[in-house]
Amino acid sequence: MSSADEILDVVDENDRIVGQARRGDAYAEGLRHRCVFVWARDPGGRVFVHRRTATKLVFPALYDMFVGGVVGAGESYDDAALREAEEELGVSGLPRPSFLFKFLYDDGAGRTWWSAVYEVRVTGAVSPQVEEVAWYGFLPEAELEGRLGEWEFVPDGLSAYARLRAWRGLSGPAPSGDPA
């Protein structure tokens with residue numbers, strides 16, 4: 001089964017399930033669904049940053065400071081966060097990611113999803129999926145901040161990052177490209 005054929009729960013503006021759709025159809029028709037964003041850090045506090053492969057359905061070849069993805073039909077946010085983190089990082093036995101907050105991402109152009117943001121500490125080596133990750137590195141957050149103006153990041157990740165900074169009480173402007 002391709003990722004476009006994966007079945008997702010379709011949700012309303014209050015995150016209540018109102019139906020189901022194939023992932024490809026959800027994207028094509030702008031159906032609201034659920035996603036998870038996992039802020040992965042190594043023991044030194046560096047952030048896992050990666051460039052998505054050119055074959056991704058959404059935001060191909062862009063950079064991201066979160067691992068994650070869609071929540072499957074009937075799957076909980078918590079289970080999806082652990083599954084996606086282990087899949088994208090290429091590890092097993094991660095501790096369950098800690099839930100931080102949830103927000104509704106809406107780019108105003110038909111891309112909208114409920115987004116649950118988590119954090120996890122990665123203590124071992126990673127081996128990211130080659131189908132998902134074209135490049136990766138663990139960067140100090142100051143370096144990540146510097147790359148925001150140089151690299152093209154996924155817009156939903158920029159939105160999640162701006163909200164994460166606010167949630168952590170960090171002041172200053174929102175990351176480049178984020179309207180929040």
Side-chain angles (χ1 to χ4, degrees), residues 1-40 48-92 94 96-97 99-120 127-136 151-164 174-175 177-180:
M1 176 171 78
S2 76
S3 65
D5 292 324
E6 186 178 0
I7 302 298
L8 309 180
D9 287 328
V10 176
V11 297
D12 67 12
E13 65 278 358
N14 297 307
D15 198 19
R16 291 185 302 244
I17 298 170
V18 296
Q20 292 184 336
R22 289 175 55 254
R23 181 179 185 172
D25 295 336
Y27 289 146
E29 298 171 28
L31 302 175
R32 187 177 296 117
H33 53 282
R34 294 172 171 165
C35 289
V36 292
F37 294 77
V38 182
W39 183 250
F48 181 83
V49 178
H50 66 283
R51 185 168 187 210
R52 297 162 61 87
T53 59
T55 57
K56 296 290 285 179
L57 282 175
V58 175
F59 310 133
L62 299 186
Y63 289 88
D64 202 346
M65 67 282 286
F66 294 93
V67 295
V70 297
V71 177
E75 186 177 32
S76 71
Y77 282 108
D78 289 350
D79 289 344
L82 179 59
R83 175 184 55 76
E84 286 285 351
E86 288 187 337
E87 283 177 6
E88 283 197 32
L89 294 168
V91 300
S92 60
L94 276 180
R96 185 166 285 279
F99 174 78
L100 303 178
F101 59 90
K102 189 168 80 168
F103 70 98
L104 177 61
Y105 173 77
D106 189 338
D107 71 356
R111 290 187 173 142
T112 179
W113 38 83
W114 274 101
S115 308
V117 179
Y118 290 79
E119 183 172 25
V120 72
S127 181
Q129 291 178 308
V130 296
E131 306 83 26
E132 303 268 339
V133 176
W135 170 90
Y136 72 93
W151 297 346
E152 188 176 2
F153 281 83
V154 296
D156 61 343
L158 286 172
S159 186
Y161 184 59
R163 286 166 171 80
L164 176 63
D178 185 68

Minimum heavy-atom distance between [X] and [Y], given as atom pair plus value:
X    : Y    : value
L94  : A85  : CD1-CB, 3.7 Å
A26  : L8   : CB-CD1, 4.2 Å
V154 : F59  : CG1-CB, 3.5 Å
D156 : Y105 : CA-CE1, 3.5 Å
V71  : S76  : CG1-O, 4.0 Å
P60  : A54  : CB-O, 3.4 Å

Rounded distance (nearest 0.5 Å) linking atom [atom1] of [X] with atom [atom2] of [Y]:
X    : Y    : atom1 : atom2 : result
F66  : H50  : CZ    : NE2   : 11.0 Å
R163 : F37  : CZ    : CZ    : 9.5 Å
Y118 : L82  : OH    : CG    : 10.0 Å
L158 : L164 : CG    : CG    : 12.5 Å
E119 : L100 : CD    : CG    : 5.5 Å

- request: Fit a plane to each ring of Y27 and H33, take the angle between them on a 0 to 90° scale, and name the class: parallel (under 30°), tilted (30 to 60°) or perpendicular (over 60°).
  value: perpendicular
task: Could you label the plane-to-plane angle of the F101 and F103 rings as parallel, tilted or perpendicular, counting under 30° as parallel and over 60° as perpendicular?
output: tilted
- request: Please report the C-alpha distance between D79 and R96 in whole Å, then the side-chain angles of each, then the deciding distance to 0.1 Å, and finally whether the salt bridge (Lys or Arg N to Asp or Glu O under 4.0 Å) criterion is met.
  value: CA-CA 8 Å; D79 289 344; R96 185 166 285 279; 3.3 Å; yes
Would you find a donor on one side and an acceptor on the other, under 3.5 Å apart, between the side chain of [X] and the backbone of [Y]?
X    : Y    : answer
N14  : R16  : no
T112 : R32  : no
W135 : R52  : no
T53  : E131 : yes
D9   : G74  : yes

field: Check: W39 ring centre within less than 6.0 Å of F48 ring centre
entry: no
message: Is the distance from the ring center of Y77 to that of F99 below 6.0 Å?
response: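 Between F99 and Y77, which both carry aromatic rings, the centre distance is not below 6.0 Å.
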query: Can you list the steps and then say if K102 with D15 is a salt bridge (Lys or Arg N to Asp or Glu O under 4.0 Å)?
result: CA-CA 10 Å; K102 189 168 80 168; D15 198 19; 2.7 Å; yes
message: salt bridge (Lys or Arg N to Asp or Glu O under 4.0 Å), that's the test. Do E132 and K56 meet it? Break it down for me.
response: CA-CA 7 Å; E132 303 268 339; K56 296 290 285 179; 2.4 Å; yes
task: Taking the side chain as every heavy atom from C-beta outward, state whether M65 and F153 have any atom pair closer than 4.5 Å.
output: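 Contact flag for M65/F153 side chains = yes.
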task: Please tell me if the side chains of V10 and I17 come closer than 4.5 Å, counting only heavy atoms from C-beta onward.
output: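 V10 vs I17: side chains apart.
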message: Which residue in the set I7, V70, L31 passes side chain to side chain contact (heavy atoms under 4.5 Å, CB included) when paired with R23?
response: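 Looking at I7, V70, L31, the match for R23 under the side chain to side chain contact (heavy atoms under 4.5 Å, CB included) is V70.
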message: Using a 6.0 Å cut-off, check whether atom CD of Q129 has over 12 heavy atoms from anything other than its own residue.
response: yes
- prompt: Hey, is E75 close enough to R34 for a salt bridge, meaning N to O under 4.0 Å?
  reply: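 Salt bridge absent between E75 and R34.
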query: Can a salt bridge be assigned to the pair D64 and R51 using a cut-off of 4.0 Å between side-chain N and carboxylate O?
result: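 No.
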side-chain contact (heavy atoms from CB on, under 4.5 Å) between W113 and L104, worked out: CA-CA 6 Å; W113 38 83; L104 177 61; over 6 Å; no
